[in-house]
Each structure stands twice: as C-alpha cells, then as structure tokens.
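All ligand and atom numbering here is 1-based and tracks the order in the structure. We number each residue from 1, following the sequence as shown.
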Amino acid sequence: MERVLYVHVPYCKRKCLYCDFYSITDFTSQDIYIDALLKEIDRIEEIKLKSIFIGGGTPTVLSNFNLERLLKRLSKFSAAEFTIEANPGTVDIEKLLILKDNGVNRLSFGLQTVQDRLLERLGRIHSFEEFLKNFELARKIGFNNINVDLMFDIPGQTLEDWKETLKRITDLRPEHISCYSLIIEEGTQFYDLFEKGQLDIADEDIDRSMYHFAIDFLKEKGYEHYEISNFSYLGFECIHNLTYWNEEEYYGVGAAAHSFIDHYRYSNAADIKRYIQDVEKNIYEDKTFISTEEEMSEFMFLGLRKIQGVSKKVFTQRFNKDIINVYGNVLEELIKKELVIDDGKYIKLTTKGLDVANYVFEKFI
Ligand code: SF4
C-alpha cells in the first residue's frame with residue numbers, strides 16, 4: 001500500500017500562547033536545517049506516495065529560496081495530494097505562486113477565529129483581514145482545495161463569536177474545515193496562566209454547545225462530518241490524515257517527526273541541532289517495535305475517530321483475527337452504555353460517544 005510523507009518545518013515567527021508543537025522563533029539555522037531535511041528526503045526510495053504534507057511550525061516562514069529548494073526536492077515524488085500549512089500572516093502573492101508552481105495542490109490555513117480580539121488572545125500574528133486577502137489570492141491563483149483550521153473554547157469566546165466564525169468561513173466555501181477545541185497543554189503559556197487561575201476557559205456545557213452547533217451548521221452548509229474534528233465537501237477529505245486514522249504507514253522527515261514503517265516507529269530528535277547531527281550519522285533518536293497488540297489498539301482508537309468507524313472486515317484482513325474475539329468485552333460494555341454501535345459492518349461512536357470520545361479510546365489502550 002502506498003505511504004504518505006510528512007515534512008516538519010520547525011520555525012514560527014512567534015509562539016502562539018496555546019501551542020505545544022515543536023517550533024522555534026530563531027531562524028538562524030534555517031539553511032542548514034533544510035540541507036539536513038533534503039538529505040533525509042533523498043533517503044526515501046519510494047517514489048509513488050499517496051500524499052505529502054508540509055507542516056510545522058510554519059512552513060510558509062521559510063525564505064523563498066529555501067521553500068523552493070524543499071519543494072523542488074519533493075517533486076521527485078508523485079502524490080495525488082500535496083498540502084502545505086500556511087499561516088495567514090506569512091504568505092503573499094510571490095510565496096503562493098512558488099507553492100502553486102511547485103506542485104502544492106492543497107492549502108491549509110491556520111486561521112482559528114474571525115474575531116481579531118480573540119486572535120490576539122491566542123497570540124496569533126495575523127488579523128482576519130489578512131486571512132481574507134490571502135484566501136482570495138489563493139483562489140485567484142487557482143488553489144481549489146483549501147482547508148481552514150478553526151478553534152472553539154478560546155478564552156473570552158462566546159457562542160455568538162463561534163457562530164459568526166462558522167458563518168463567515170462557510171460563506172467563503174473552503175473545501176475542508178477543521179474545528180478543534182482548545183486544549184490547555186503543559187509547557188505552554190496558557191498552561192501557566194491556567195495554573196494561576198488567570199485563564200477564563202469555557203465550561204463543559206458551552207464547549208459541547210459549540211461543538212454540536214458546528215456539526216449541525218456545517219452539515220446544513222453541505223459539509224460531511226467525516227472525523228471527530230473534520231468536515232469536508234464530498235471527495236475533499238484529507239487523504240493524509242485519513243492515513244493516520246486508518247493506522248497505515250507513513251514517512252516523517254524533519255525534527256520531531258515520526259515514521260511508521262514495517263511495524264517500527266522511528267522518531268527524530270525534537271531539537272534542531274541533534275536532528276542535524278543524527279541525519280549526518282544516518283540514525284534516529286528512537287526506533288521502537290510496535291507489537292500486534294499495540295497495532296490493534298491503535299487501529300481501534302484512531303479508527304474510531306472516523307465518523308464511519310472501524311471496518312470489521314478490514315480489521316480481520318489486517319490482523320487475521322475477528323474484532324469481536326479481541327475486543328468483545330470492551331465493545332459489549334461500550335454498546336451497553338450507548339457510546340458505540342455495531343451496525344454489522346462498522347463499529348462507530350454514537351452521538352453520545354462523540355462527546356466522551358477520549359473515555360472510549362482509553363478502553364482500547
Ligand atoms: S503558528 Fe502554529 S506551530 Fe507556530 S506557534 Fe502558532 S500554533 Fe504553534
């Protein structure tokens with residue numbers, strides 16, 4: 001089966017207050033980092049991939065020179081989907097043309113919200129106006145597959161703010177919309193504020209109202225809810241992320257990236273200096289064998305993220321075991337609690353299960 005490739009670019013203009021992804025704001029290592037990245041890319045022999053995804057960090061903060069170097073090297077692959085994450089505050093016509101001319105066919109804009117006061121609260125570097133300008137530019141240039149990342153549960157965000165965000169974004173008709181609730185991760189500035197009791201986060205009821213409003217509203221607007229947090233027009237589901245949710249194999253290059261190949265998980269160092277040294281020596285920070293039990297467990301809790309659920313047939317084909325023989329007791333308990341259903345072909349979350357998805361996933365670990 002064809003694999004996908006993730007490319008990590010660990011630079012950001014400024015660290016958002018909620019972010020725990022590996023990224024730094026000092027760009028001085030950019031040239032030697034890209035040199036190492038190209039070496040790692042050259043080691044991948046497979047040419048036919050399902051997708052390429054350049055994420056970060058903020059890939060679009062790379063200089064045009066480095067961005068072109070990276071894209072040209074990636075052009076050796078043939079992939080149906082080629083996504084890059086774009087921060088609305090870091091693109092312009094020149095950059096968008098470089099992306100288009102070098103095969104990128106899907107843009108993922110990290111917008112989060114349309115209210116500038118909330119963008120500021122999150123520590124984002126862009127305004128809604130900037131996003132609008134760049135979204136329109138991207139359309140003019142010919143990008144016809146665009147995702148917009150949105151966030152709810154932002155401190156200070158009301159249900160009305162969230163409704164307005166969804167309304168204004170769906171008016172633009174992006175092909176794909178992701179809606180994530182804010183998670184307060186340890187090690188972030190928001191975490192420190194939260195610990196000091198200085199973060200006004202929404203309560204559980206507001207959180208659920210926002211989520212369910214998004215599900216109903218986006219459905220009304222023609223978007224298919226195909227994963228817990230993801231919505232798309234038919235045929236525009238993200239091939240790359242579906243690979244993770246299907247627990248299929250992937251390459252990951254760059255600092256902090258992971259690969260999953262032939263039952264092994266390979267991890268790169270989450271530190272640019274160490275990463276570059278490791279690439280020179282052609283070694284990984286870590287290589288771990290994933291047992292069949294672990295693979296089955298991941299297959300279940302990742303697969304249940306899909307609204308369609310986990311295919312019982314695919315489980316049997318892949319593991320040569322009947323899903324009921326392996327997870328019968330767990331499933332019986334979850335079905336009794338009305339958190340999952342078994343429709344004969346698929347095991348999937350119920351609406352009630354969607355609200356406590358993490359509780360369900362833990363049952364498979
Ligand atoms: S732009 Fe993205 S990766 Fe960079 S700090 Fe903000 S959320 Fe994190």
Side-chain angles (χ1 to χ4, degrees), residues 6-30 33-34 37 53-63 66-67 70 83-92 95-96 99 104 106-131 134-135 138 146-157 165 169 174 176-194 199 201 229-230 238 240-241 244 252-258 268-272 275:
Y6 173 76
V7 181
H8 193 71
V9 176
Y11 299 101
C12 288
K13 265 195 180 166
R14 189 172 72 200
K15 198 78 189 162
C16 301
L17 305 185
Y18 58 91
C19 177
D20 74 333
F21 293 129
Y22 176 60
S23 69
I24 57 170
T25 51
D26 174 359
F27 295 1
T28 47
S29 58
Q30 194 189 127
Y33 179 76
I34 296 296
L37 204 49
F53 192 110
I54 310 180
T58 309
T60 43
V61 292
L62 288 177
S63 66
N66 278 326
L67 190 59
L70 174 60
T83 305
I84 191 164
E85 285 180 343
N87 181 312
T90 60
V91 286
D92 53 23
K95 205 149 262 183
L96 287 170
L99 300 177
V104 174
R106 185 171 183 271
L107 288 181
S108 179
F109 278 114
L111 169 66
Q112 318 311 343
T113 173
V114 304
Q115 289 85 19
D116 285 344
R117 71 169 211 289
L118 296 177
L119 288 171
E120 242 171 72
R121 186 74 188 94
L122 291 170
R124 303 287 301 177
I125 57 166
H126 55 85
S127 64
F128 178 51
E129 240 354 88
E130 267 175 288
F131 161 80
N134 286 319
F135 184 93
I146 299 183
N147 168 59
V148 181
D149 278 343
L150 299 178
M151 189 182 272
F152 57 99
D153 274 357
I154 300 169
Q157 184 184 38
T165 292
I169 295 310
H176 192 286
I177 297 177
S178 300
C179 299
Y180 290 98
S181 69
L182 173 73
I183 308 283
I184 309 293
E185 303 282 3
E186 224 176 313
T188 62
Q189 296 185 56
F190 266 1
Y191 186 83
D192 296 341
L193 290 173
F194 178 70
L199 205 62
I201 49 168
S229 309
N230 286 279
C238 178
H240 191 87
N241 287 339
Y244 299 139
V253 295
H258 304 278
N268 286 346
D271 172 274
I272 288 185
Y275 164 71

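For the pair Arg14 (side chain) and Arg124 (backbone), a donor-acceptor distance under 3.5 Å is present. Formation of a donor-acceptor pair under 3.5 Å by the Tyr22 side chain with backbone atoms of Ala257 is not found in this model.
The shortest heavy-atom distance from Arg14 to ligand 1 is under 4.0 Å. Taking 4.0 Å as the cut-off, Lys13 does not count as a neighbour of ligand 1 on heavy-atom distance.
When non-hydrogen atoms are compared, ligand 1 lies under 4.0 Å from neither the backbone nor the side chain of Ile125.
Between Tyr244 and His240, the ring-plane angle classifies as perpendicular under the 30° and 60° cut-offs.
Residues Phe190 and Phe194 keep their aromatic ring centres 6.0 Å or farther apart.
Looking at atom 2 (Fe) of ligand 1, its nearest protein heavy atom turns out to be Arg124 NH1, 4.0 Å.
Counting heavy atoms from C-beta on, the side chains of Pro155 and Leu182 come closer than 4.5 Å. Contact annotation: the side chain of Tyr33 approaches that of Pro10 to within less than 4.5 Å [non-hydrogen atoms, C-beta and beyond].
Using modelled atom types and a 3.5 Å distance limit, the side chains of Tyr18 and Arg121 yield no donor-acceptor pair.
With sequence neighbours excluded, no residue forms a side-chain hydrogen bond (donor to acceptor under 3.5 Å, both in side chains) with Glu85.
Of all the atoms in ligand 1, the ones that sit under 4.0 Å from a non-hydrogen atom of Asn87 are 1 (S).
At a cut-off of 2.8 Å, measuring from atom 8 (Fe) of ligand 1, the protein N, O or S atoms that fall short of it are Cys19 SG, waters left aside.
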